[in-house]
Amino acid sequence: MLKLSIKEDAMAATTAPLSRTTPSPVPGGLPLPDLYAKVSRHIPAIEWPALAPDIEAILRLKRERNAVILAHNYQAPEIFHTVADIVGDSLALAREAVNVDADVIVLAGVHFMAETAKLLNPGKTVLIPDSRAGCSLADSITAADVRALRERYPGVPVVTYVNTSAAVKAESDLCCTSGNAVDVVRSLGVPRVLMIPDEFLAQNVQAECPEIEILTWAGHCEVHERFTPADIREVRESYPGVTVIAHPECPPEVVAESDFSGSTAMMLNYVVEKRPPQVVLVTECSMADNIAAQNLDIEFIKPCNMCPHMKRMSLRNIRHALETLTQEVTVDPSVAEGARRAVERMLAVRPR
Ligand code: 13P
Ligand code: SF4
């Protein structure tokens with residue numbers, strides 16, 4: 001593996017315990033009782049009256065503005081389960097963005113996801129409630145870096161993780177997500193591929209595709225890079241028989257210690273299909289919260305880490321975005337066409 005550089009200005013992520021309280025019956029007199037029932041495991045009844053006015057306003061504004069909310073699986077339960085119209089992993093959000101029939105898209109997630117939605121919907125208004133919601137992977141590489149790589153490795157195709165800016169995508173052959181990275185790399189039918197910027201994702205794909213030489217970059221997700229094999233061993237010791245599911249942005253040694261690895265949507269499918277009694281999702285904390293809300297018989301155990309960028313989204317700023325139609329996401333026309341081509345080529349790859 002080639003290590004080219006690493007950017008070290010990532011914001012520190014925090015570790016938080018998961019709620020493991022059992023849901024209590026919805027107390028009478030609460031506003032929006034049906035919605036509260038969906039999140040009662042994570043939001044105390046006493047806090048709900050403070051959230052309900054924003055939820056009511058968002059539901060009204062969505063109708064008035066002909067807007068939809070696309071929310072990533074890492075959004076907090078009060079967003080994920082009450083106001084979101086479409087939820088999913090990066091791949092699902094990109095796929096669904098193509099089919100959106102609305103004038104306004106609010107992306108509850110991070111900036112690169114909103115940019116992807118805009119690329120696929122150039123005529124629609126795409127809003128992100130807080131434009132500071134970045135990503136350590138997107139920050140790890142620039143378009144100039146990709147041009148330098150191409151000079152150094154002439155003829156080697158560049159597969160770029162969607163967690164990048166439109167300018168970086170525009171310099172790439174095609175994109176991938178954690179849900180289709182193996183299929184995308186194999187679809188090229190070549191012996192050597194540059195896979196940027198997530199070093200760990202590239203190493204995890206390399207383990208599944210030994211027939212292809214994968215060159216990479218030294219970008220990391222600040223949330224997933226913090227998990228260690230010792231974390232997994234500790235949790236296995238404390239909870240014998242626990243099922244461990246790791247996101248492929250984790251270091252390969254962590255993935256090697258896990259029972260399954262996949263994108264956030266693949267994690268959800270695995271849990272829903274296999275129904276392990278105890279599970280640890282080695283990823284962002286809200287992932288387990290969101291699944292737990294609908295799978296009360298499954299116990300979700302630490303460790304998890306919080307993504308400070310995903311957590312910039314709130315009911316309050318989603319409401320504000322819809323009220324004011326800010327903050328609008330635009331893509332520089334000089335890179336839009338190239339970036340759209342890279343995303344569309346990815347969407348055309350069929351799973352094997
Ligand atoms: P998924 O595509 O698996 O949802 O992962 C994305 C991610 O890192 C979002 O931050
Ligand atoms: Fe980026 Fe990691 Fe946060 Fe996802 S979890 S947005 S990859 S920093």
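Everything numeric here is computed off the predicted structure, so don't read it as measured data. Along the sequence shown, the residues carry numbers beginning at 1. Atoms within each ligand, like the ligands themselves, are counted from 1 in listed order.
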Specify the protein heavy atom at minimum distance from [atom]: its residue, its atom name, and the distance to 0.1 Å.
{"atom": "atom 3 (Fe) of ligand 2", "result": "Cys307 SG, 2.4 Å"}
{"atom": "atom 1 (Fe) of ligand 2", "result": "Cys135 SG, 2.4 Å"}
{"atom": "atom 6 (C) of ligand 1", "result": "Ser90 OG, 3.4 Å"}
{"atom": "atom 2 (Fe) of ligand 2", "result": "Cys221 SG, 2.3 Å"}
{"atom": "atom 8 (O) of ligand 1", "result": "Glu249 OE2, 2.7 Å"}
{"atom": "atom 5 (O) of ligand 1", "result": "His247 NE2, 3.2 Å"}

Quiz item: Looking at ligand 2, does Glu284 have a heavy atom less than 4.0 Å from it?
Solution: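 No.
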Where does [X] meet ligand 1, judged by heavy-atom distances below 4.0 Å: at the side chain, the backbone, both, or neither?
{"X": "Met113", "result": "side chain"}
{"X": "Val162", "result": "neither"}
{"X": "Thr264", "result": "both"}
{"X": "His72", "result": "side chain"}

Quiz item: Would Cys285 and Cys304 satisfy disulfide (SG to SG under 2.5 Å), going step by step from the backbone distance to the final call?
Solution: CA-CA 5 Å; Cys285 300; Cys304 67; 2.2 Å; yes
May I ask you to decide whether [X] forms a salt bridge with [Y], counting only side-chain N to carboxylate O separations under 4.0 Å?
{"X": "Lys62", "Y": "Asp85", "value": "yes"}
{"X": "Arg186", "Y": "Glu211", "value": "yes"}
{"X": "Asp259", "Y": "Lys274", "value": "no"}

Practice problem: Could you list which atoms of ligand 1 come closer than 4.0 Å to a heavy atom of Asp89? | Solution: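 Counting from 1, the qualifying ligand atoms are 1 (P), 2 (O), 4 (O).
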Practice problem: Run the numbers for me: atoms of ligand 1, each under 4.0 Å from some heavy atom of Ser263, listed by number. | Solution: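 Near Ser263, meaning under 4.0 Å from one of its heavy atoms, ligand 1 has 3 (O).
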Quiz item: Counting heavy atoms not belonging to Glu237, are there more than 12 under 6.0 Å from its CD?
Solution: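 No.
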Practice problem: Apply side-chain hydrogen bond (donor to acceptor under 3.5 Å, both in side chains) to the pair His42 and Glu78, showing each step before the final yes or no. | Solution: CA-CA 9 Å; His42 300 289; Glu78 68 270 22; over 6 Å; no
Quiz prompt | Arg150 and Glu171: CA distance, side-chain angles, deciding distance, salt bridge (Lys or Arg N to Asp or Glu O under 4.0 Å) verdict | solution = CA-CA 9 Å; Arg150 283 204 184 273; Glu171 298 288 341; 5.3 Å; no
Quiz item: Can we call the ring centroids of His220 and Phe200 under 6.0 Å apart?
Solution: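 Yes, they do, as the ring centres are separated by less than 6.0 Å.
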Taking 4.0 angstrom as the limit and counting only heavy atoms of [X], give me the atoms of ligand 2 inside it, by number and element.
{"X": "Leu137", "value": "7 (S)"}
{"X": "Asn163", "value": "7 (S)"}
{"X": "Glu249", "value": "2 (Fe), 7 (S)"}

Has [X] got any heavy atom lying under 4.0 angstrom from an atom of ligand 1?
{"X": "Ser178", "result": "yes"}
{"X": "Asn73", "result": "no"}
{"X": "Met310", "result": "yes"}
{"X": "Met267", "result": "no"}

Quiz item: Is there a side-chain contact between Arg192 and Ile212, using heavy atoms and a 4.5 Å cut-off?
Solution: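 Contact flag for Arg192/Ile212 side chains = no.
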Quiz item: Would you say Leu322 and Val87 are hydrophobically clustered, going by side-chain heavy atoms of ILVMFWY under 4.5 Å?
Solution: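 Different clusters.
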Self-check item: His72 and Tyr74 aromatic ring geometry - parallel, tilted or perpendicular at 30°/60° bounds
Solution: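 Correct class here is perpendicular.
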Quiz prompt | Point-to-point distance, once rounded to the nearest 0.5 Å, from CG of Leu107 to CD1 of Ile318 | solution =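 Answer rounded to 0.5 Å: 10.0 Å.
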